[in-house]
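Below: one structure, written as structure tokens.
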Amino acid sequence: MKPAPFRYLRPQSQEEAVEALADYGEEARVLAGGQSLVPMMNLRLARPGVLVDINRIAELGILEQRNGELVLGAIVRHRQLERDPRVTAACPILSQAAAHIGYPAIRNRGTVGGSLAHADPAAELCCVLLATGCTAVLESTRGRREVAVQGLFVGPYTTCLRPDELLVEVRVPALSDHARWGFAEFALHEGGFALALAACVVHLDGEGRVTSARIALGGVGPVPVRLRKAEESLQDGPLSEDRIAEAASFALLVEGYDDVHAPAWYRRRLAGWVVRQALLQAARGGS
């Protein structure tokens, strides 16, 4: 199939892009990497009247460290996350997760902003950025606002972005020397959508006790979630195998969903496994 007719706009600046979104509102869709939007348009699951292509906006391709954060523009490609030494130095869990996204051709085109705005519950970046505690920067003709990533996802393939807003940048806290991290996912085949995935960032004190933990779970429910009870169970103790097993057990309480790929009960079982694997990686010295 081919997409329904649409008007194509190619703004040269952020200002032009947000003005286009203000003009066309709900009729417009943003084209970044296009790895999800274009197939949906071809199947006519999405029928935007106006397509706003942001790929020529140089300022949206920024990738730099600033004030203790890794700043990623909306059109930074997955392949850049996978290979750029600035990413592996500041937040290596991003590089590891990016390597699991689809296939090389997809990683060459897919973008940070597109992944977050698409809000696939099983997307690697959505899960990992929730674990890192990143902030999304949204811009419109009314100004800018910042949204903590856990407030960005409101449902499957649904975010809090308003029709006239453009996701322009993501700010990711750089991991400290005391941070340990882990990432794990289960898919039916390499490059396939994950049935469950987990990411964690754990901070330890000088004696190896957990001072803080963020554990994110994706692919099981309608949105990626933090496992706060699991995080609390690790607090003020070592990252030992028995404490990891206890933390992973809280993943079994997440309400899963059924689809053609797996029943809910199976996703919950996988949830416990991926959380345990991610925490074990952190315990082995992921840093």
Side-chain angles (χ1 to χ4, degrees), residues 3 8 10-11 14 17 28-43 45-46 48 51-64 70-88 90-132 134 136-138 149 152-153 156-159 161 165-172 183 185 187-195 197 199 216 218-219 223-224 261:
Y8 176 76
R10 193 169 67 187
Q14 287 182 196
R29 291 289 296 271
V30 174
L31 175 65
Q35 299 305 290
S36 298
L37 178 58
V38 171
M40 290 173 65
M41 290 175 62
N42 286 338
L43 293 171
L45 298 174
L51 205 58
V52 182
D53 185 345
I54 62 173
N55 282 281
R56 296 298 180 93
I57 303 176
E59 56 203 299
L60 295 181
I62 187 173
L63 194 165
E64 65 181 25
L70 184 65
V71 180
L72 306 171
I75 60 171
V76 168
R77 311 291 168 178
H78 301 325
R79 198 66 159 178
Q80 291 174 267
L81 296 182
E82 183 183 0
R83 295 188 168 188
D84 195 295
R86 292 168 293 181
V87 178
T88 55
C91 195
I93 189 174
L94 268 178
S95 298
Q96 182 185 7
H100 286 78
I101 298 174
Y103 304 97
I106 291 174
R107 295 197 291 274
N108 285 337
R109 291 297 304 167
T111 63
V112 173
S115 183
L116 286 181
H118 185 55
D120 187 326
E124 286 84 357
L125 287 191
C126 293
C127 183
V128 168
L129 290 174
L130 180 57
T132 61
C134 84
V137 181
L138 315 180
V149 71
L152 187 67
F153 309 120
Y157 308 100
T158 308
T159 70
L161 269 83
E165 287 183 317
L166 176 67
L167 195 159
V168 296
E169 148 182 317
V170 177
R171 299 173 183 168
V172 187
F183 174 82
E185 71 170 40
L188 295 177
H189 57 84
E190 184 178 355
F193 288 102
L195 299 182
L197 66 159
V223 295
H261 301 294

Candidate pair V38 and L31, rule side chain to side chain contact (heavy atoms under 4.5 Å, CB included), full reasoning:
CA-CA 8 Å; V38 171; L31 175 65; 4.1 Å; yes

Is any side-chain heavy atom of [X] less than 4.5 Å from a side-chain heavy atom of [Y]?
{"X": "I57", "Y": "V168", "result": "no"}
{"X": "L63", "Y": "L70", "result": "yes"}
{"X": "E169", "Y": "R171", "result": "yes"}
{"X": "F193", "Y": "L188", "result": "no"}
{"X": "L81", "Y": "S95", "result": "no"}
{"X": "L161", "Y": "L167", "result": "yes"}
{"X": "T111", "Y": "L60", "result": "no"}
{"X": "R109", "Y": "N55", "result": "yes"}

Nearest 0.5 Å, what's the [atom1]-[atom2] distance between [X] and [Y]?
{"X": "R86", "Y": "L72", "atom1": "CZ", "atom2": "CG", "result": "9.5 Å"}
{"X": "R77", "Y": "Q35", "atom1": "CZ", "atom2": "CD", "result": "9.0 Å"}
{"X": "L195", "Y": "E185", "atom1": "CG", "atom2": "CD", "result": "9.5 Å"}
{"X": "T158", "Y": "F153", "atom1": "OG1", "atom2": "CZ", "result": "11.5 Å"}
{"X": "Q14", "Y": "L166", "atom1": "CD", "atom2": "CG", "result": "6.5 Å"}
{"X": "I101", "Y": "L125", "atom1": "CD1", "atom2": "CG", "result": "4.0 Å"}

Which heavy atom of [X] sits nearest to which heavy atom of [Y], and what is that distance?
{"X": "N42", "Y": "P3", "result": "OD1-CD, 3.1 Å"}
{"X": "S115", "Y": "C126", "result": "O-SG, 3.6 Å"}
{"X": "D53", "Y": "P11", "result": "O-CD, 3.2 Å"}
{"X": "A194", "Y": "A122", "result": "O-CB, 3.4 Å"}
{"X": "C127", "Y": "P224", "result": "CA-CB, 4.4 Å"}
{"X": "E190", "Y": "Y103", "result": "O-OH, 3.1 Å"}

Please assess L51 against L37 for the test side chain to side chain contact (heavy atoms under 4.5 Å, CB included), listing each intermediate value before the final yes or no.
CA-CA 10 Å; L51 205 58; L37 178 58; 3.8 Å; yes

By the definition side-chain contact (heavy atoms from CB on, under 4.5 Å), identify the one residue from V149, V170, I93 that meets it with T132.
I93

Examine distances only and state if a side-chain atom of D84 and a backbone atom of Q80 form a donor-acceptor pair shorter than 3.5 Å.
no

Quick one: do E82 and R107 make a salt bridge, cutoff under 4.0 Å?
yes

Are H118 and Y157 close enough that their ring centers fall under 6.0 Å?
yes

Apply side chain to side chain contact (heavy atoms under 4.5 Å, CB included) to residues Y8 and V52 and explain how you reach the verdict.
CA-CA 6 Å; Y8 176 76; V52 182; over 6 Å; no

Tell me, with the steps shown, if L116 and T159 meet side chain to side chain contact (heavy atoms under 4.5 Å, CB included).
CA-CA 8 Å; L116 286 181; T159 70; over 6 Å; no

